[in-house]
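Contents: one structure, followed by commentary.
Just so it is clear: chains get the letters A, B, ... in the order the sequence lines come, proteins before strands, and each one is counted from 1. It should be emphasised that the depicted structure is a prediction, and the values quoted were computed from it without experimental measurement.
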2 protein chains.
Amino acid sequence: MLARVSSTPTFKRLPRAVREQQMLDAAVKVFSRRGFHAASMDEIADDAGISKPMVYAYLGTKEELFVACLHREGTRMMEAIAGAAASDLPADERLWRGLRAFFGFVGAHRDGWAVLYRQARGEQPFAAELATMRGRLVEVVAGMLDHALRAKGREVRATDLEVVAYALVGATESLADWLADHPEADPEKTATRMMNVAWLGADQLLRGITWHPPAG
Amino acid sequence: MLARVSSTPTFKRLPRAVREQQMLDAAVKVFSRRGFHAASMDEIADDAGISKPMVYAYLGTKEELFVACLHREGTRMMEAIAGAAASDLPADERLWRGLRAFFGFVGAHRDGWAVLYRQARGEQPFAAELATMRGRLVEVVAGMLDHALRAKGREVRATDLEVVAYALVGATESLADWLADHPEADPEKTATRMMNVAWLGADQLLRGITWHPPAG
């Protein structure tokens, strides 16, 4: 198989999974350049070197293709974060490594982030796909906080952890937007800034220090 | 004038500003119920008790009307926050009152938030209007942090303050989304949770405590 592919490297001989990745590469590039509405299936097919009917056959309509792009980019991002934030590290180092991986990913894909993510935020069914991805990220962060608390023999209600995780994920997305808009900004410096907000807050929470409204 | 209006309260006699508010009330209601794409100008005109050509004459196309709704709701929200967070209070109390006003506003307008805000996020030209509003909020928060720092005789670079403010605004938006999706959740309790993230973090920052990446 390998020998045959390398001796006659035509698209026809490539396995389905490889061709799908080529189409997705082309689709991410074209969606990032043109935006979802202006992007054409012709341009995507051209860029992938595959006929348009074949793109439809493999990945469906333009909408389905966009969801597939979101899904792949989101999965890659989650893998980068999860790979960096191994669970045997102390909580601050896990958070730091996760944030550095995240902002590194966004910094390396500023165009893709700006277009894929921002477009997906407001439009169905993309917003639903994005909400699912965000939900997974919230679970990961809440799990991490829970793990750190239990290591200190403490426990916090699941809803409270979920809400803190939502806040941290929201803060991180907001800074990712900022980073995408500032090509001169350094991803690692941005991760450090986020740690200053997230960790110094989370650190106090993990110590059992909570804020209470003033009386009256 | 007033006497004439109250003796013959027909729509014809109402001043332009009052009629515009009626149309915006109707538009917010219909956009919240139907979403931007499905909302019809007929329904908005019906609901406002004004003819459709008159709605176009006053407020323009459906797109312009949506932007006007966003603008009015955003301004109301900013007024609620700014009114609550008077500048002679200590920083934590300003933040707390601002957050309580914000989550109170979202809690009282869950449908409007969910539809207006979420739709606006992803679609031009609404996303641009929302970015302008977010920019103003970031400036307010950065100014508040700057004020608190200067009161302690300290100074932080404007970019750092802006980034922290972006993170806080992003965290707050994320929790507002959570609140809109949880009709049983209490806005005040949500504001307290946000304080636990935002203030305990900001408090350390204001003390000059910053986080540094581990060596290596």
Side-chain angles (χ1 to χ4, degrees), chain A residues 35 37 90 92-93 96-97 100 117-124 126-127 130-131 134 138 159-160 162-179 181-182 185 188-205 207 209-214, chain B residues 35-37 90 92-93 96-97 100 117-124 126-127 130-131 134 138 159-160 162-164 166-179 181-182 185 188-205 207 209-214:
Chain A
H37 291 291
D92 63 336
E93 202 154 342
W96 160 241
R97 289 185 184 208
R100 193 173 50 177
Y117 173 77
R118 282 182 193 157
Q119 295 210 10
R121 246 184 327 200
E123 235 169 301
Q124 291 302 344
F126 314 142
L130 202 64
R134 186 183 294 120
V138 164
T159 309
D160 283 318
E162 187 190 273
V163 166
V164 172
Y166 258 100
L168 293 182
V169 168
T172 307
E173 284 182 55
S174 183
L175 281 201
D177 254 14
W178 181 86
L179 181 63
D181 285 341
H182 290 78
E188 182 141 342
K189 174 82 182 142
T190 309
T192 307
R193 283 168 168 147
M194 184 60 211
M195 274 301 283
N196 269 310
V197 177
W199 179 249
L200 293 179
D203 179 42
Q204 304 232 45
L205 290 178
R207 289 172 204 263
I209 302 167
T210 54
W211 184 91
H212 298 280
Chain B
F36 173 73
H37 291 291
D92 64 336
E93 201 152 340
W96 160 242
R97 290 188 182 206
R100 191 171 55 178
Y117 174 78
R118 281 181 193 158
Q119 295 212 8
R121 246 183 329 196
E123 234 169 303
Q124 292 302 344
F126 313 143
L130 203 64
R134 184 183 297 119
V138 165
T159 309
D160 284 317
E162 187 190 271
V163 166
V164 172
Y166 257 101
L168 293 181
V169 168
T172 307
E173 283 181 54
S174 184
L175 281 200
D177 253 15
W178 181 86
L179 182 64
D181 285 339
H182 291 78
E188 182 140 344
K189 174 83 181 140
T190 308
T192 307
R193 282 167 168 148
M194 184 59 213
M195 274 303 282
N196 269 308
V197 177
W199 180 249
L200 293 180
D203 178 42
Q204 302 233 46
L205 288 179
R207 288 173 204 265
I209 301 166
T210 54
W211 184 91
H212 299 278

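The side-chain heavy atoms of A:Leu168 and B:Val197, taken from C-beta on, include a pair separated by under 4.5 Å. Between B:Val164 and A:Arg193, the closest side-chain pair of non-hydrogen atoms is not below 4.5 Å.
Taking the side-chain contact (heavy atoms from CB on, under 4.5 Å) definition, one finds that A:His37 meets it with A:Glu123, sequence neighbours left out. In this structure, the side chain to side chain donor-acceptor pair (under 3.5 Å) partners of A:Glu93, at least two apart in sequence or on a different chain, are A:Arg97.
Separating the NZ atom in B:Lys189 from the OG1 atom in A:Thr159 is a distance of 9.0 Å, to the nearest 0.5 Å. Going from atom CG of A:Leu179 over to atom OH of B:Tyr166 covers 12.0 Å, rounded to the nearest 0.5 Å.
Residue contact with chain B, scored on non-hydrogen atoms closer than 4.5 Å, involves the side chain of A:Glu162 exclusively.
Heavy atoms only, all atoms of each residue included: B:Ser174 and A:Gly170 are closest at CB-CA, 3.4 Å.
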message: Using side chain to side chain contact (heavy atoms under 4.5 Å, CB included), reason through B:Leu175 and A:Val163 one step at a time and then give a plain yes or no.
response: CA-CA 7 Å; B:Leu175 281 200; A:Val163 166; 3.6 Å; yes
